[in-house]
Amino acid sequence: MTLSGDAPGAVRNPYLVERLQGFGTTIFAEMSALAVATGSINLGQGYPDADGPREVVDAAIAAIRAGDNQYPPGPGIAPLRAAVAEHQARFWGLVFDPDTEVLVTAGATEGMAATLLALLEVGDEVVTFEPYYDSYAACIAMAGAQRRVVTLRPPDYSFTVDALRAAVTPRTRVLVLNSPHNPTGKVFARAELEVIASVCVEHDITAVTDEVYEHLVYDGEHIPLATLPGMRDRTVTISSAGKTFSMTGWKTGWVCAQPDLIEAVRTVKQFLTYVHGAPFQHAAAAGLRLPDAYFEDFAADLASKRDLLSGGLADAGFTVYPSSGTYFVTVDIRPLGATDGLEFCRSLPERGGVVAVPTVVFYDDVAAGAPLVRFMFGKRREVLEDAVTRLKALAR
Ligand code: PMP
Ligand code: GLN
């Protein structure tokens with residue numbers, strides 16, 4: 001989309017231009033294009049290089065063959081809403097009514113967009129932690145709201161209660177929490193969630209949680225914010241099938257919340273995509289009902305890949321920060337004599353044949369993020385080993 005200028009078809013609405021200024025091509029698109037152009041190993045954009053479970057693939061194919069190829073119902077197909085409700089109860093002890101408290105969306109991305117557009121008025125403020133996932137900032141801006149960030153600081157990406165309290169003002173309407181956290185791999189601990197919950201309750205803030213990595217946890221445990229006292233009815237819980245079933249291109253997600261909140265999100269959602277991906281909804285339902293062993297084996301495999309890549313990055317000379325979840329591990333590049341992560345990542349494909357993501361693009365406090373770089377470990381072992389060999393050669 002052209003946001004300004006004289007080109008035919010340029011968006012001339014100054015309001016839109018102002019809201020979206022600074023949002024060019026996403027870092028993921030830029031870095032994946034660089035990987036293709038240079039033939040590098042892509043440890044940038046977060047997608048696995050092996051497909052998810054056979055049962056899930058078969059369910060999608062069966063749904064297509066059975067003729068489930070027309071518009072699904074607005075809230076999502078009933079079997080998926082039921083499977084989401086069952087999953088929330090089975091793993092997290094959260095009880096949602098599949099008819100009034102679950103909404104199927106085109107990935108977590110649409111769930112987040114519809115939620116923020118539904119809840120925010122122009123001038124409202126949103127508290128979130130930085131580094132933040134890029135779509136939150138864009139959606140907050142599209143809603144005409146402002147973000148106020150709390151910086152997570154390495155090595156453990158912790159935050160202070162004072163910093164959180166300082167970010168809250170009378171205009172704060174929403175708090176966005178992503179745990180397990182992209183890009184840091186942090187899994188928020190119960191004590192941290194208790195602080196966040198108490199601030200939400202005290203200031204009557206609605207929490208919106210992005211839990212797409214809920215099953216990618218290697219140390220500690222995933223605790224949905226909605227399970228904390230006082231949070232169930234003030235939290236919009238968002239997740240998706242992409243990461244859990246290694247099918248990031250299927251873009252099938254869901255939102256769980258109390259009926260009034262779901263109604264508001266559904267109202268917006270119907271004018272974004274209306275509905276999407278009928279066969280993939282059947283497949284996601286099949287995935288959510290897989291036995292515990294699937295989820296356990298999946299996390300164990302990724303934990304061993306986390307160890308492989310983290311160890312390799314340390315051997316290559318980086319300062320490696322612990323990752324407890326997600327696909328990602330972050331490093332400080334300064335031991336290699338570099339200070340600017342963006343510059344480092346733009347030249348790394350050419351110099352080292354590996355693509356990574358500079359996390360500075362997810363910070364308002366540029367100084368805090370400048371030397372930090374994210375690597376993705378959800379790839380086949382031989383790919384990770386090759387990447388480590390290349391990075392070690394770079395350091396010599
Ligand atoms: N949230 C976070 C934190 C992510 O890393 C991603 C990228 N996978 C998404 C949301 C997008 O999820 P989906 O593909 O389901 O839209
Ligand atoms: N979530 C993926 C990541 O963090 C990227 C998805 C996208 O390209 N927007 O790498």
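Residue numbers start at 1 and run along the sequence shown. Order of appearance sets the numbers: ligands from 1, and atoms from 1 within every ligand.
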Enumerate the pairs of nitrogen or oxygen atoms, one from ligand 2 and one from the protein, separated by less than 3.5 angstrom; state names and distance to 0.1 Å.
unit_1	atom_1	unit_2	atom_2	d
ligand 2	1 (N)	Y133	OH	3.2
ligand 2	4 (O)	N182	ND2	2.8
ligand 2	4 (O)	R374	NH1	3.0
ligand 2	8 (O)	Q45	NE2	2.7
ligand 2	9 (N)	Y133	OH	3.3
ligand 2	10 (O)	G46	N	2.7
ligand 2	10 (O)	R374	NH2	2.6

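- Under 4.0 Å from any atom of ligand 1, one finds heavy atoms of residues G107, A108, T109, Y133, Y136, N178, N182, D210, V212, Y213, S240, K243, K251.
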Using atom types as modelled, flag every donor-acceptor pair under 3.5 Å from a side chain in residues 100-109 to any protein atom, sequence neighbours excluded.
unit_1	atom_1	unit_2	atom_2	d
T100	OG1	D97	OD2	3.4
E101	OE1	D97	N	2.9
E101	OE1	R232	NH2	2.8
E101	OE2	R232	NH1	3.0
E101	OE2	R232	NH2	3.4
T105	OG1	G107	O	2.8
T109	OG1	K251	NZ	3.3

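- In this structure, R374 is positioned above the aromatic face of F328, its NZ or CZ under 6.0 Å from the six-membered ring centre and within 45° of the axis.
- Taking 4.5 Å as the limit, every side-chain heavy atom of F362 sits out of range of all side-chain heavy atoms of E130.
- A side-chain contact (heavy atoms from CB on, under 4.5 Å) with L116 is found for exactly one of V236, V265, V176, V268, namely V176.
- Note that the CD1 atom of I333 and the CG atom of D340 stand 6.5 Å from one another [nearest 0.5 Å].
- A cation-pi arrangement is found for K186 relative to F188, the charged atom lying closer than 6.0 Å to the ring centre and inside a 45° cone about the ring normal.
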Please report, to 0.1 Å, the donor-acceptor pairs under 3.5 Å made by any side chain of residues 345-355, with sequence neighbours excluded.
unit_1	atom_1	unit_2	atom_2	d
R346	NE	E30	OE2	2.7
R346	NH2	E30	OE1	3.2
R346	NH2	E30	OE2	3.2
S347	OG	E343	O	3.2
S347	OG	F344	O	3.3
S347	OG	R351	NE	2.9
S347	OG	R351	NH2	3.3

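- Once rounded to the nearest 0.5 Å, the distance linking CD of E296 with NE2 of H215 reads 11.0 Å.
- Contact of the L391 side chain with the D315 side chain is not registered, since no non-hydrogen atoms from C-beta on lie closer than 4.5 Å.
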